[in-house]
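A note on names: the letters A, B, ... follow the listed sequences, proteins ahead of strands, and every chain is numbered from 1.
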There are 2 protein chains.
Amino acid sequence: MVNSGPEITASPSLAGISIAAVERDTGLGKDTLRVWERRYGFPKPLRDACGERVYPAEQVEHLRLVKRLMDQGQRPGTLLRKPLAALSEQLAGSPSGVGADDTADWVIPLLKNRDVDHLRTEFAQRLARDGLERFVIETVPALNRRIGDGWMTGEIEIFEEHLYTELIQNQLRSSIYALASRGRRPHVLLTTVKDEEHLLGLLMVEALLTANGASCLSLGAQTPVADIIGACRGTTTDIVAISFSGAYPWRKARDTLLELRAALPERTELWAGGAALASRRRMVPGVRAIDDLRAITPALADWHATHTSGSHT
Amino acid sequence: MVNSGPEITASPSLAGISIAAVERDTGLGKDTLRVWERRYGFPKPLRDACGERVYPAEQVEHLRLVKRLMDQGQRPGTLLRKPLAALSEQLAGSPSGVGADDTADWVIPLLKNRDVDHLRTEFAQRLARDGLERFVIETVPALNRRIGDGWMTGEIEIFEEHLYTELIQNQLRSSIYALASRGRRPHVLLTTVKDEEHLLGLLMVEALLTANGASCLSLGAQTPVADIIGACRGTTTDIVAISFSGAYPWRKARDTLLELRAALPERTELWAGGAALASRRRMVPGVRAIDDLRAITPALADWHATHTSGSHT
DNA sequence: TAGTTGTTTTTGTCTAGGACAATATGACAT
DNA sequence: ATGTCATATTGTCCTAGACAAAAACAACTA
């Protein structure tokens, strides 16, 4: 058991943190961490008196960098054999890093100062000025990128990222609630297959849909296919929208979509979005690909066009 | 690897599910499941062609029951040696089961029918009728109990519980947002140390506080102590409120509180709540125990009393 | 050229039993 | 009633081997 949260106790944190804490902080599984050590020689944690791994902060940082590059599609075997310096360079030249996206820089000092009230005001004002649609499509993604980069470079701490997520989610939720028009069509069921960190993305989609007059039900993340089908049965769901994270294997995504398409009634549309599908040229028949937030509004317009004439004739 | 999500694919789910899926569904760690099998002979999963564990649905149900009773303070060693029938009896006689709490029965059929609109309306109406305070203190806990029991007995599915949580959280969030009065004192920082499933509880507390004129900042779950301290530095936080889940060891909770008390400025109050502290007779000096939702309003009143006179003299 | 299929390499997760520290329990002293 | 100690329970960590799923690459169609 050792110490399920060494960051709780003050003293041992100087030396390093336990494998469980690394799992929580980096998102890399315990088994994975051990097998990397065996295969690639990194990470190479110290050991405490009882032989248990103790990861110095430096290695945890390195792991974070690796994770970040893996999320961009790089492979562990390649990354773990390179020295730290080479990795930092790679990140600098990476798609997320290129944008001279100074537009979102203002958020950093506010976060560092824990200026919650100011942040809330700033979000609300920008939303009011630009409108929900532009806010979701431009501002929020820019902020997300800026925060992600800041976290990587150590500019901001994990906690500050949490704080940002919390505040921006609240802003979106309240906007959605204010706009929600119960009962209006289409009824959209929103969900994700792969877990975590995409809740914000889902919320962004929900905001766009709601702003365009749809009424949404978000099931959150991790909904099994059987439950999605179950949720539609006996209800008037018009569209099922699923988001696949970038890391989600294409083949599985395709199978999931095929299964869903077969199980859902024909009149229920199926929309698929997320990074996993962005590069795909051909989509599963009967499924609409939403490869960009901008694609949502036209897709909804199409639905309306089809269904106002369709239900009339 | 077998099948990281056997519930996704249709066919193999007939036989059973993988250890990873059981971990996700029951919350019991993989290591724990294996060591129980070794020590107590239960669970005793089948094996697939490659020797990997395959848990039949029946055993997963049994495990859920065990988990439920453990959450009530029972010990694994005792529970795992008893037959299934004995466990079901125990649950029937347990505190959660006793209440002839028919008041919340209405929620079940609505959930079974996926009658989302009706559920939303019902929540909103009851909230308007009883007021936020009574809604949070009476209605929501009754609903939670009813849902928990329904889940245990198989009356409702996991997905329906998710749906309930989603809807009730949305209701609370929008109420909080409507009431939020930025800048009013006291400023309360809300968080949890142990993860998941207590977000709803935290939201309930936030609702009560906001209803009584406090302005809250919820950091969500899993905030490390260092971050809590960091979050207070440089801000005008008047109260830090932490919730400890029932399973959280008392000793650790005490240490955490001691550490926080020492690190926070004296003028910042420290409130601790949650099942882990409910039975404790003595609290850490300088920490206020909130052992019931009802205790929140008087505690806030006390703060106001202290601080209006205190800041004057 | 674009898409499907088959082959090889990479990679994450599983398995086994042993170990041990953190917790709960119960007896005792204050 | 509350604190301290011994004892029992229990979750997590350890090692090292194995193998299926996924990615990358190659070959084959339309």
Proximal nucleotide (of [options]) relative to the [X] side chain:
| X | options | answer |
| --- | --- | --- |
| A:R53 | D:dC13, D:dT15, C:dA16 | D:dT15 |
| B:V35 | D:dT12, D:dC13, D:dT10 | D:dT12 |
| B:R81 | D:dC14, C:dA16, D:dT10 | D:dT10 |
| B:D31 | D:dC14, D:dC19, C:dT25 | D:dC14 |
| A:R39 | D:dT15, C:dG12, D:dT10 | C:dG12 |

Nearest-Å distance, [atom1] ([X]) to [atom2] ([N])?
| X | N | atom1 | atom2 | value |
| --- | --- | --- | --- | --- |
| B:I17 | C:dT13 | CD1 | P | 17 Å |
| A:E37 | C:dG12 | CD | P | 15 Å |
| B:L79 | C:dA24 | CG | P | 15 Å |
| A:D48 | D:dC14 | CG | C1' | 11 Å |
| A:Y40 | C:dT10 | OH | P | 8 Å |
| B:L80 | D:dG11 | CG | C1' | 13 Å |
| B:I19 | C:dG12 | CD1 | C1' | 15 Å |

For [X], report the nucleic acid contact type (base, sugar-phosphate, nothing); a contact means any heavy atom under 4.0 Å.
| X | value |
| --- | --- |
| A:R34 | base |
| A:R38 | base |
| A:R75 | sugar-phosphate |

For A:T268 versus A:R261, what's the shortest heavy-atom pair and its separation? O-NH2, 2.8 Å
Whether [Y] and [X] form a salt bridge (side-chain N of Lys/Arg under 4.0 Å from carboxylate O of Asp/Glu) is what I want to check.
| X | Y | value |
| --- | --- | --- |
| A:D48 | A:R53 | no |
| A:R68 | A:D149 | yes |
| B:E37 | B:R34 | no |

Does [N] have OP1 or OP2 under 4.0 Å away from a side-chain N or O of [X]?
| X | N | value |
| --- | --- | --- |
| A:R47 | D:dT15 | yes |
| A:T32 | C:dT11 | no |
| A:K30 | D:dC13 | yes |

Counting heavy atoms not belonging to A:E58, are there more than 12 under 6.0 Å from its CD? no
